[in-house]
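All values below come from the heavy atoms of this structure, side chains included, with hydrogens, waters and symmetry mates left out. Chain naming here is simple, since letters A, B, ... match the order of the sequence lines and numbering starts at 1 in each.
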Amino acid sequence: MTDISPSEKDIRTFQQKIFQFYKENKRDLPWRKTTDSYKILVSEFMLQQTQVSRVIEYYTRWMNAWPTVKSLAIESYKKVLNAWMGLGYNRRAMYLHNTTKVIVDEFHGDVLTAVKHYEKLPGIGLYTSKAIQIFADNADIATVDTNIRRIFISEFDLDESISDKDLFTLAKQCLPSGKSRDWHNALMDYGALHLTSRKTGIKPKTQQSNFQGSDRQIRGRILRLLLKEDQSAYQLQKELKVESERLSKILNKMVDEKTVGKTNKNYHVPH
DNA sequence: ATCCTGGCTT
DNA sequence: AAGCCTGGAT
């Protein structure tokens with residue numbers, strides 16, 4: 001672990017630059033108009049590895065359909081998945097649905113208390129837990145996503161191999177107390193609008209494999225078919241024109257994850 | 001071809 | 001530590 005502590009003066013200059021940019025370029029996003037912890041929770045799930053521009057319409061439709069934790073928790077999984085389709089990483093729909101059930105059943109519907117015990121909530125890791133506390137409650141804690149990581153590396157001229165631990169130490173040093181929500185929103189905007197990955201050449205921490213021709217693409221097509229009606233592996237194979245061995249491998253994995261169910265020969269979207 | 005407010009499993 | 005998970009925009 002190397003000492004990467006900037007001086008007090010460096011930090012203050014950095015903060016002023018970020019806040020000045022925010023003042024002039026702030027994005028007007030739907031989930032920034034609320035501090036409802038459930039709504040923040042949904043937005044954070046949707047935003048995991050997914051661009052803001054693609055989330056906006058899904059978020060808006062979602063809140064019209066399910067405005068509270070409980071309304072989502074008691075909904076059928078099929079309807080939840082149907083509303084998610086097109087956003088990508090469809091496991092998140094199941095995680096989100098199951099997470100709201102745990103929040104209602106074990107935490108009396110109290111999102112902010114629940115996310116502090118995020119090990120019990122599928123789909124919520126350290127980043128998302130902190131992000132929800134920050135954006136819903138203005139909690140005086142720091143979190144680092146792909147945007148914020150890129151800003152720190154560029155701003156303080158760090159090596160791209162810097163550890164999460166060192167990044168987090170730096171993030172805490174830079175956090176202006178009492179302004180956590182504004183600060184993190186400002187950092188996100190600075191990273192997404194100005195200090196982009198393309199512009200800086202700084203690669204994201206987690207690389208994604210190609211989509212065309214991938215198993216992921218086939219999984220998405222499988223779910224779309226199963227949302228219409230239950231189908232056998234043979235019917236799916238005819239529709240998708242994938243080698244049967246590859247298809248059954250994918251189907252087995254999806255059954256294993258419980259993203260699809262199987263009764264006798266037929267596959268279906270779980271209830 | 002590469003990116004996107006990560007998390008889970010092995 | 002590394003592979004896997006969706007789909008659209010640039």
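- Among the heavy atoms of the strands, none lies under 4.0 Å from A:Arg149.
- Contacts of A:Trp31 with the nucleic acid, taken as non-hydrogen atoms under 4.0 Å apart, include base atoms.
- A side-chain donor-acceptor contact under 3.5 Å links A:Glu160 to the backbone of A:Lys203.
- At least one donor-acceptor pair under 3.5 Å links the side chain of A:Gln15 to the backbone N or O of A:Cys174.
- Figure legend: cation-pi geometry between A:Arg61 and A:Tyr58, with NZ or CZ positioned under 6.0 Å from the six-membered ring centre and within 45° of its axis.
- Between A:Gln207 atom CD and B:dA1 atom C1' the separation is 12 Å, expressed in whole Å.
- Nucleic acid contact class of A:Lys205 (heavy atoms, under 4.0 Å, all strands): none.
- Ranking B:dG7, C:dC4, C:dG7 by closeness to the A:Gln48 side chain, first place goes to B:dG7.
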Under 3.5 Å donor-acceptor pairs involving side-chain atoms of residues 262-271 of chain A, not counting sequence neighbours:
unit_1: A:Asn266; atom_1: OD1; unit_2: A:Ser232; atom_2: N; d: 3.3

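- For the OP1/OP2 pair of B:dG6 and a distance below 4.0 Å, the side-chain nitrogens and oxygens of A:Gln49 include at least one atom meeting the criterion.
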What N/O pairs connect the protein and nucleotides 8-10 of chain B at under 3.5 Å? Give each pair on its own line.
unit_1: B:dC8; atom_1: OP1; unit_2: A:Gly123; atom_2: N; d: 2.9

Can you list the steps and then say if A:Glu24 with A:Gln20 is a side-chain hydrogen bond (donor to acceptor under 3.5 Å, both in side chains)?
CA-CA 7 Å; A:Glu24 294 166 359; A:Gln20 182 60 33; 2.7 Å; yes

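- For A:Phe211 and C:dG7, the CZ to P distance is 5 Å, given to the nearest whole Å.
- In this structure, A:Thr128 and A:Ile202 both approach DNA chain B, and ranking their closest nucleotides by distance from the 5' end singles out A:Ile202.
- Distances shorter than 4.0 Å separate none of the side-chain N or O atoms of A:Thr146 from OP1 or OP2 on B:dC3.
- Between the side chain of A:His184 and the backbone N or O of A:Ile148, no donor-acceptor pair lies under 3.5 Å.
- Every residue meeting the side chain to side chain contact (heavy atoms under 4.5 Å, CB included) condition with A:Lys17, not counting sequence neighbours, appears here in chain and number order: A:Glu155, A:Tyr190.
- Distance A:Glu257 CD to C:dC4 C1': 9 Å, rounded to the nearest Å.
- Distance CG (A:Leu251) to P (C:dC4): 18 Å, rounded to an integer number of Å.
- Atom-to-atom, NZ of A:Lys165 to P of C:dA1 comes out at 14 Å; the value is rounded to the nearest Å.
- The listed nucleotides are B:dT5, B:dC3, C:dC5; the one nearest the side chain of A:Asp215 is C:dC5.
- To the nearest whole angstrom, the two P atoms, one in C:dG3 and one in B:dT5, are 24 Å apart.
- Rounding to whole angstrom units, OH of residue A:Tyr89 and P of C:dC5 are separated by 9 Å.
- OP1 or OP2 of C:dA9 has not a single side-chain nitrogen or oxygen of A:Arg198 nearer than 4.0 Å.
- Contacts of A:Val55 with the nucleic acid, taken as non-hydrogen atoms under 4.0 Å apart, are absent.
- The nucleotide whose nearest atom lies closest to any side-chain atom of A:Leu29 is, among C:dG7, B:dT5, B:dG6, B:dT5.
- Whole-Å rounding puts the A:Ile151 CD1 to B:dT5 C1' distance at 11 Å.
- Between A:Arg221 and A:Thr206, it is A:Thr206 whose nearest contact on DNA chain C lies nearer the 5' terminus.
- Listed for the A:Trp66 side chain is no donor-acceptor partner under 3.5 Å among the backbone atoms of A:Lys70.
- Counting to the nearest Å, the P atom of B:dT5 and the CZ atom of A:Arg92 are 11 Å from each other.
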